[in-house]
K.L.:
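Okay, handing you the structure first.
The structure presented is a predicted model; accordingly, all values stated were derived computationally and were not measured. Here is the naming used below: chain letters follow the sequence lines, and residue numbers restart at 1 for every chain.
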Amino acid sequence: MDDQTRMLTGLTGLGGLSQPDVGDPDSVRKQQSLGQPQQDIGDILQQIMAITDESLDEAQARKHALNCHRMKPALFSVLCEIKEKTVLSIRGVQEEDPPDPQIMRLDNMLLAEGVSGPEKGGGSAAAAAAAAAAGGSPTDSSIEHSDYRAKLAQIRQIYHSELEKYEQACSEFTNHVMNLLREQSRTRPISPKEIERMVAIIHRKFSSIQMQLKQSTCEAVMILRSRFLDARRKRRNFNKQATEVLNEYFYSHLSNPYPSEEAKEELAKKCGITVSQVSNWFGNKRIRYKKNIGKFQEEANLYAVKTAVDAANVSAQASQANSPATPNSGTETTCHLSDPVII
DNA sequence: CCCTATGATTAGAA
DNA sequence: TTCTAATCATAGGG
């Protein structure tokens, strides 16, 4: 609408070209009043005022008339020429900005914290449940962990929905502007470069909003993290079962108590703790055992017996599966003798 | 309270 | 990088 007005006034300014098409009812009076500038301005004002009263259909009709005017191509080429001259000055304004280091830093942090990027473990609740199930019984540490994860997931969700909203708004706005420019390009010359520039400006504006979002998300994660670390400082002992599993492994590999990465992972899963906790445990255990072997002798014997008993139980269970009434399933030999079973 | 056990953190070595 | 060794900070028992 605004552009139409400009177009119309522009044309009238170029020697009343539009008047025959526009159908100005006051054209006669206007010609008469050429010698009186005040009167002329009054007419123009009236015309302008009249435009605002026009219905959309009328405006559309005017636009169409304008586009079909016989002088239009000539005018258009003149405008193109003018544009050609002025575009050089516009080009100088164009600035090239490399990826903002600030936003890159924020991106990296969000990625590292698992807020952006691919979803890990498919949500906090599922992950916590999986951890609890793997560990047999849910430990305090896993509860705290799940709490942290839940909070992080919440932040993550908000971040993503906001980001999506911004992106949608940005593309919508860009589309709108592009359509507007395309529409305008029928009546005034617009180079693709200009459209590109416009889009870049819009994107810059929106990315500055995104940066704010990223910044506040980072802050939220930092606060959550510090609170979680504080909570973690309240050390919880591992549950009995976990300690047993770890000790069993330790004493049955006493000659080389260095579990491989895979073994650590399995132990972690069995105990419902993290791999680094397993590493910490073995680190502590090795050094403390080495420092005072005597103190741990009793424990060592206990676990040596335990593993032996467990082994016996395993074979006993295997035999019981076929004859549950077996009273003394002591050794492998008795098992073999009482049951002709494949183990 | 104190004392010991124990999980976590750290610097530095391998 | 992982591992050691020292150390910190808390849990838990008396």
Side-chain angles (χ1 to χ4, degrees), chain A residues 104-105 107-115 117-118 120-121 124-125 127-156 218-310:
Chain A
M104 269 176 64
R105 229 189 49 229
D107 273 336
N108 284 341
M109 195 199 138
L110 290 172
L111 202 64
E113 293 299 328
V115 175
K120 291 194 270 190
S124 62
S137 63
T139 59
D140 286 341
S141 73
S142 86
I143 286 166
E144 272 176 35
H145 204 70
S146 80
D147 204 34
Y148 172 75
R149 293 241 237 171
K151 291 264 168 59
L152 192 67
Q154 215 176 326
I155 290 172
R156 183 197 171 88
C218 274
E219 269 170 38
V221 171
M222 289 307 260
I223 290 165
L224 177 66
R225 235 180 127 72
S226 70
R227 221 181 319 171
F228 175 66
L229 283 172
D230 280 351
R232 202 171 43 167
R233 192 164 284 156
K234 283 191 180 239
R235 197 189 97 255
R236 312 253 90 181
N237 290 354
F238 299 152
N239 64 30
K240 213 161 172 166
Q241 190 230 348
T243 317
E244 246 167 70
V245 169
L246 293 166
N247 271 317
E248 247 168 64
Y249 189 98
F250 180 78
Y251 287 110
S252 61
H253 298 74
L254 206 50
S255 56
N256 184 34
Y258 297 89
S260 64
E261 195 57 35
E262 294 80 51
K264 279 183 193 171
E265 272 165 34
E266 192 167 332
L267 285 166
K269 213 157 90 175
K270 259 197 223 170
C271 300
I273 60 178
T274 66
V275 172
S276 43
Q277 281 178 307
V278 173
S279 297
N280 284 340
W281 190 90
F282 273 89
N284 285 321
K285 192 74 187 179
R286 279 189 301 260
I287 190 67
R288 283 162 187 167
Y289 180 81
K290 199 180 84 175
K291 265 189 176 174
N292 194 348
I293 294 173
K295 197 173 79 182
F296 287 91
Q297 205 53 59
E298 205 181 323
E299 196 177 62
N301 290 336
L302 194 129
Y303 279 100
V305 171
K306 196 192 262 296
T307 42
V309 168
D310 281 354

K.L.:
Please state how far atom CZ in A:R235 lies from atom C1' in B:dA5, giving the value in whole angstrom units.
P.N.:
7 Å
K.L.:
When you check the gap from the basic side-chain N to the acidic O, do A:E299 and A:K285 get nearer than 4.0 Å?
P.N.:
yes
K.L.:
Nearest-Å distance, CG (A:N280) to P (C:dT4)?
P.N.:
12 Å
K.L.:
Nearest heavy atom decides the nucleotide; on that basis, is A:K264 or A:N237 closer to the 5' end of DNA chain C?
P.N.:
A:K264
K.L.:
Is the shortest side-chain heavy-atom distance between A:L246 and A:F282 below 4.5 Å?
P.N.:
yes
K.L.:
Nearest-Å distance, NZ (A:K240) to C1' (B:dT6)?
P.N.:
15 Å
K.L.:
Report the distance from atom CD of A:E244 to atom C1' of B:dT6, rounded to the nearest whole Å.
P.N.:
17 Å
K.L.:
C:dG12 C1' sits how many Å from A:F238 CZ, rounded?
P.N.:
16 Å
K.L.:
Would you call the rings of A:F250 and A:Y289 parallel, tilted or perpendicular, where under 30° means parallel and over 60° means perpendicular?
P.N.:
perpendicular
K.L.:
Hey, is the main chain of A:T274 close enough, under 3.5 Å, to the side chain of A:Q277 for a donor-acceptor pair?
P.N.:
yes
K.L.:
Inspect the surroundings of CD in A:E266 and state if more than 12 heavy atoms from other residues, nucleotides or ligands are less than 6.0 Å away.
P.N.:
no
K.L.:
So which of residues 282-295 of chain A are in contact with DNA chain B, with a heavy-atom cut-off of under 4.0 Å?
P.N.:
A:N284, A:R288, A:K295
K.L.:
Between B:dG7, B:dA8, C:dT4, which one does the side chain of A:Q277 approach most closely?
P.N.:
B:dA8
K.L.:
Ignoring hydrogens, what is the shortest heavy-atom contact between A:A268 and A:V275? Give both atom names and the distance.
P.N.:
CB-N, 3.8 Å
